[in-house]
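Chain letters run A, B, ... following the sequence lines, proteins first and then strands; every chain starts at 1. Side chains are part of it too, since the values below use all heavy atoms of this structure and drop only hydrogens, waters and symmetry mates. The model shown is predicted, which means the values in this text are computed figures rather than measured ones.
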Amino acid sequence: MSRYNVKDIEAKWQSAWAEEATFATPDPGDEKKCYVLEMFPYPSGRIHVGHVRVYTLGDVIARYRRAQGYAVLHPMGWDAFGLPAENAAIENRVHPATWTYENIDNMRRQLQSMGLSIDWSREVTTCDPEYYRHEQKMFLDFLKAGLAYRRESWVNWDPVDQTVLANEQVIDGKGWRSGAEVEKRKLNQWFLRITAFADSLLDELARLDGWPERVRIMQENWIGRSSGARVTFPLIPDSAGYDRHGDALARYGTAIEVFTTRPDTLFGAAFVAVSPNHPLAEALAEHDPALAEFIAECNRLGTSEEAIETAEKRGHRTGLAARHPFREGDTLPLYVANFVLMEYGTGAIFGCPAHDQRDLEFARKYDLPVRPVVVPPDASATDFEIGTEAYAGDGRLANSEFLDGLDVEAAKAAAARRLAELGLGEAQVTYRLRDWGVSRQRYWGCPIPIIHCADCGAVPVPDADLPVTLPDDVDFEQAGNPLERHPSWKHVACPSCGKDASRETDTFDTFFESSWYFARYCSPDAPEPFDRGAADYWLPVDQYVGGIEHAVLHLLYSRFFTRAMKACGYLGIEEPFSGLLTQGMVCHETYRDADGRWLFPEEIRRVSGGKAVKVEDDSPVTVGRSEKMSKSHKNVVDPETIIEAYGADTMRLFIVSDSPPERDLDWTESGVDGAWRYLNRLWRMVTEAALAAPSGPPPDEVAPDKAAPDLLDARRAIHKAIRDTTDDLDRLRFNRAVARIRELSNTIANLSGEDGATLWVRREGLEALVRLAGPFVPHIAEELWRTLGHEVPLSATDWPSPDPALVTEDSVTVAVQVNGKLRGTLDLPVDADQAAAETAALALDNVQAALSGKAVRKVVVVPNRVINVVA
RNA sequence: GGGCGCGUGGCGGAACUGGUAUACGCGACGGACUUAAAAUCCGUUCCCUUCGGGGUUGCAGGUUCGAGCCCUGCCGCGCCCACCA
């Protein structure tokens with residue numbers, strides 16, 4: 001018997017697959033297709049265990065579908081623009097491109113050592129001008145279609161990375177990469193009009209039944225559709241009567257627009273407030289130094305969880321008042337208030353203290369009237385009062401003139417109707433979702449193809465001049481954007497009038513590149529972004545695999561981008577990914593020495609009693625709970641080391657064995673050992689049996705109607721294993737599939753005897769075993785398939801199907817209960833006569849003992865499952 | 001504050017969507033082989049038991065012939081969003 005020589009076997013099959021172009025993508029044809037894609041990696045330099053998990057999961061699916069006869073597209077590429085390259089440039093004085101391409105080369109080598117069934121001829125690299133030229137063109141098309149625009153706006157500014165961040169990239173008031181407290185700045189920015197598709201992005205979620213419910217809910221909340229009304233409040237100087245607002249009103253206008261979801265509570269209004277960043281507030285501040293100071297203070301305040309929770313509701317009274325739209329002669333004081341967001345609705349609200357907690361806190365502080373207008377069903381209109389809790393529930397309207405007596409829903413509609421009649425508003429839908437700001441003040445990104453001309457404004461770079469490429473000779477010695485400082489790059493003639501003009505020096509957010517790469521893979525060398533025929537055939541992606549952290553970032557942007565591409569005639573579909581699998585994180589125990597310093601797993605040694613010591617000096621080590629692998633806690637495992645020691649198959653098997661894919665996975669050394677031991681066992685089973693096991697058509701004595709009972713049982717187990725593993729793979733339940741495969745190994749191992757029929761059944765089992773294991777552990781499976789005497793490689797062999805005669809049962813074990821408690825089992829023919837089943841059950845000794853003479857009240861017979869005797 | 005999810009042996013987890021709870025693996029223990037160790041192989045492994053059985057899916061109830069699964073209320077853990085009018 002030969003030894004399981006991992007290194008040779010894995011190297012041998014990896015080069016065989018490469019030479020034979022085994023995983024080359026077929027041309028679009030008539031076969032059923034399956035596009036399997038994992039989120040492409042950022043080329044950080046080395047793969048980590050998280051990569052191993054995603055690419056293993058995707059590879060199992062791709063290999064399984066290929067064996068089933070699908071035309072499979074399974075590509076790989078690099079999300080190659082981004083900040084780490086620039087940081088490396090600053091720290092190590094290496095050009096971002098050099099750094100990136102070197103990292104790609106190393107990571108490609110590492111990924112290839114995993115034995116992935118990837119068509120490497122379709123590699124896409126987003127920092128390549130041959131890639132990003134297409135998105136520059138797309139951007140200009142979006143601009144023409146009104147899906148991109150430029151405006152001055154308040155932005156999230158990351159003071160460490162010195163760039164703007166999208167709302168999706170601000171986590172708890174901090175930059176998603178730098179962790180720095182985000183500041184507010186006003187800048188000219190390019191935006192993509194993602195809000196134009198808000199309804200479609202929301203409504204189509206219901207049809208994405210291949211997506212986890214969790215992700216769909218997260219996107220739904222993120223889009224945040226709410227319906228209400230827009231209300232116009234005419235402005236007048238209030239009783240304090242100053243007149244210095246004339247200038248501000250003249251510039252801003254003499255009315256203020258407010259969005260509310262509760263137009264029914266308009267009669268409870270006590271004040272109107274605008275955001276500190278509202279144009280009216282800014283105009284007023286020019287003549288009001290105290291207001292200017294208040295606004296500045298608001299902008300300094302962070303937006304972190306803590307800041308929001310502890311922040312007091314504060315306002316600055318403006319000296320203006322708003323006329324109540326319904327109640328003649330009633331006016332409401334106008335405030336600038338710190339809790340009003342410029343980014344949502346119109347940046348202005350009316351405050352109804354009785355029915356909104358924030359408004360109530362504000363009203364109590366500034367002593368404004370609290371007038372309930374919605375009375376709960378169990379209270380009376382005359383004594384219902386508000387204390388410290390606003391009432392947000394349902395009820396009947398009161399103190400509200402024409403709305404009195406209506407319920408909340410009817411009152412909302414009636415109020416909106418009246419507003420429309422008066423010309424002071426109408427029903428309106430508003431979204432939490434905001435347009436996607438894509439300008440970044442960074443070098444290592446795709447240049448925005450725009451030229452700014454003093455006379456002509458923002459002029460698109462003509463098609464003939466695309467792509468706009470990055471200059472190579474840049475200087476990272478100073479902070480800020482090197483494109484801005486480059487001596488010549490930005491100075492160009494205006495394409496429209498020919499005068500001196502300057503290039504846009506901002507680059508795109510890197511989520512721009514990842515929003516369409518899945519389409520580029522369909523035809524990576526096409527002169528257009530993609531060949532329409534190829535895209536029509538391959539898209540949408542059938543199974544996408546990636547981390548949950550992209551639930552509202554990449555996955556939402558890609559859905560938008562696909563719609564925008566469709567609107568501009570690039571594509572015929574709206575949804576890019578029909579199936580989505582979000583895999584959990586990989587975790588590992590943490591270790592600290594006596595001084596509290598973190599230790600790497602290889603620095604410790606397990607001793608008895610679950611304790612651990614330092615390898616170096618046997619000093620005690622504290623074992624901490626398992627948490628997400630991170631460099632700072634040193635609880636990391638390097639995939640390359642694992643492959644060196646055990647091989648890719650062991651690593652792949654371990655990573656799919658223990659936990660369901662969407663759940664977090666605990667990386668354990670003993671689990672890896674277990675996978676290693678299993679593969680050695682598999683190796684021995686096949687190599688020891690292969691010589692003795694005959695091949696060929698089934699001999700008579702193993703036929704379903706002739707085989708000896710134990711052989712028949714074994715054959716049944718083999719075919720059920722095929723059926724169940726297939727079912728588990730279809731449902732992406734890989735940990736269960738692995739359990740089925742191990743069970744099949746046990747069945748085969750328990751098959752004793754060396755007669756011809758037994759040998760034949762053993763071979764049948766081993767062949768099934770190797771074929772079922774193929775998607776998980778492809779190298780060893782190929783090798784054993786050959787050992788079993790097959791000339792055609794496993795990667796070109798069909799997926800096995802179970803023999804129907806062997807998976808349909810003719811008898812079944814039925815549980816027998818008395819009053820719901822198990823008292824025995826019965827072997828009955830499938831679909832046995834109910835009366836006969838009942839009689840057989842009652843005849844059991846255990847049943848009679850449990851009844852102990854009591855009368856049987858009834859017997860519940862669930863065919864083929866259970867018989868419950870009720871006494 | 002809003003939304004979503006989870007809780008099963010020492011551990012990871014399984015249980016066909018209401019029908020024999022604890023599959024498969026890890027760990028542990030015992031044995032065989034070995035001068036010895038590793039590897040391998042064979043057993044045992046939810047708890048209690050007077051060996052007849054009895055109990056067990058975070059806790060307390062409910063629905064049902066029957067509940068890990070459905071409902072109600074607690075307890076604990078996790079994730080997402082958050083002054084969103």
_is_close_aromatic(A/F339, A/F362), centroid dist under 6.0 Å_ =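 Here the rings of A/F362 and A/F339 have centres that are less than 6.0 Å from each other.
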*For residues A/W683 and A/Y678, establish whether the separation of their ring centroids is below 6.0 Å.*
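When the ring centroids of A/W683 and A/Y678 are compared, they turn out to be at least 6.0 Å apart.
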*Have a look at B/G9 and give me syn or anti from its glycosidic angle (syn if within 90° of zero).*
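Base orientation relative to the sugar is syn.
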*Decide, for B/G76, between syn and anti: a glycosidic angle within 90° of 0 counts as syn, anything else as anti.*
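B/G76: anti.
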*Checking only heavy atoms, does the side chain of A/R434 share a donor-acceptor pair with the base of B/C84 at less than 3.5 Å?*
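Yes, a donor-acceptor pair under 3.5 Å.
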_Side-chain donor/acceptor of A/R865 to base of B/C16, under 3.5 Å_ =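 Donor-acceptor pair under 3.5 Å: yes.
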Could you state the atom-to-atom distance from [atom1] of [X] to [atom2] of [N] in whole Å?
X: A/N864; N: B/U20; atom1: CG; atom2: P; value: 13 Å
X: A/I349; N: B/C83; atom1: CD1; atom2: P; value: 14 Å
X: A/I655; N: B/C26; atom1: CD1; atom2: C1'; value: 16 Å
X: A/R432; N: B/A85; atom1: CZ; atom2: P; value: 10 Å
X: A/R677; N: B/G25; atom1: CZ; atom2: P; value: 11 Å
X: A/M585; N: B/G78; atom1: CE; atom2: P; value: 12 Å
X: A/E361; N: B/G1; atom1: CD; atom2: P; value: 12 Å
X: A/D664; N: B/C80; atom1: CG; atom2: P; value: 11 Å

Minimum-distance nucleotide (side-chain atoms of [X] versus [options]):
X: A/V862; options: B/C41, B/G19, B/A85; answer: B/G19
X: A/A739; options: B/C24, B/G19, B/G27; answer: B/C24
X: A/T813; options: B/U20, B/C83, B/C24; answer: B/U20
X: A/N868; options: B/G66, B/G13, B/C83; answer: B/G66
X: A/R736; options: B/C81, B/C79, B/A15; answer: B/A15
X: A/A815; options: B/U20, B/A14, B/G3; answer: B/U20

Regarding [X], tell me which of base, sugar-phosphate or nothing describes its non-hydrogen contacts under 4.0 Å with the strands shown.
X: A/N735; answer: sugar-phosphate
X: A/G224; answer: nothing
X: A/V816; answer: nothing
X: A/R857; answer: nothing
X: A/T825; answer: base
X: A/D673; answer: nothing
X: A/V870; answer: sugar-phosphate
X: A/E743; answer: sugar-phosphate
X: A/R358; answer: base

Counting only side-chain N and O atoms of [X], is one of them less than 4.0 Å from OP1 or OP2 of [N]?
X: A/R733; N: B/A14; value: no
X: A/R823; N: B/G54; value: yes
X: A/T430; N: B/A85; value: no
X: A/K821; N: B/G55; value: yes

*Would you check if A/K628 and A/V586 make a side-chain contact, meaning some heavy-atom pair closer than 4.5 Å?*
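Not in contact.
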*4.5 Å side-chain heavy-atom contact, A/Y335 and A/Y366*: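 SC-SC contact between A/Y335 and A/Y366 confirmed.
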Considering only the [atom1] atoms, how many Å lie between [N] and [M], rounded to the nearest integer?
N: B/C6; M: B/G58; atom1: C1'; value: 11 Å
N: B/U35; M: B/G10; atom1: C1'; value: 35 Å
N: B/G61; M: B/C41; atom1: P; value: 48 Å
N: B/G68; M: B/U34; atom1: C1'; value: 47 Å
N: B/C74; M: B/C84; atom1: C1'; value: 32 Å

_With A/V374 via side-chain contact (heavy atoms from CB on, under 4.5 Å) - residues at least two apart_ =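 side-chain contact (heavy atoms from CB on, under 4.5 Å) check on A/V374 returns A/R262, A/D264, A/T265, A/H355, A/Y391, A/L397, A/V408.
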*Sorted by first residue and then second, give each salt bridge (Lys or Arg N to Asp or Glu O under 4.0 Å) pair with at least one member in residues 657-666 of chain A; sequence neighbours left out.*
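Qualifying pairs, neighbours excluded: none.
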_Criterion side-chain contact (heavy atoms from CB on, under 4.5 Å) against A/I867, the qualifying member of A/L842, A/V847, A/L844, A/L828_ =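 Only one option passes, and that is A/L828.
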*Would you check if there is a donor-acceptor pair between the side chains of A/T813 and A/D827 at a distance under 3.5 Å?*
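On atom types as modelled, these side chains qualify, holding a pair under 3.5 Å.
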_Between A/D435 and A/T195, is there a side-chain donor-acceptor contact under 3.5 Å, judged purely by atom types and distance?_
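Their side chains do contain a donor-acceptor pair, which is all the 3.5 Å distance test asks for.
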*Note every stem involving RNA chain B: at least three consecutive Watson-Crick or G-U wobble pairs, i with j then i+1 with j-1, with both distances under 3.5 Å.*
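For RNA chain B the paired stretches long enough to count as stems (3 pairs minimum) are B:1-7 with B:75-81, B:10-12 with B:24-26, B:27-32 with B:40-45, B:46-48 with B:53-55, B:58-62 with B:70-74.
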*Is the CZ atom of A/R314 crowded by more than 12 outside heavy atoms at less than 6.0 Å?*
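Atom CZ in A/R314 is not crowded, with 12 or fewer foreign heavy atoms closer than 6.0 Å.
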*Nearest-nucleotide wise, let me know which of A/G820 and A/E213 is further upstream toward the 5' end of RNA chain B.*
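By nearest-heavy-atom nucleotide position, the 5'-most residue is A/E213.
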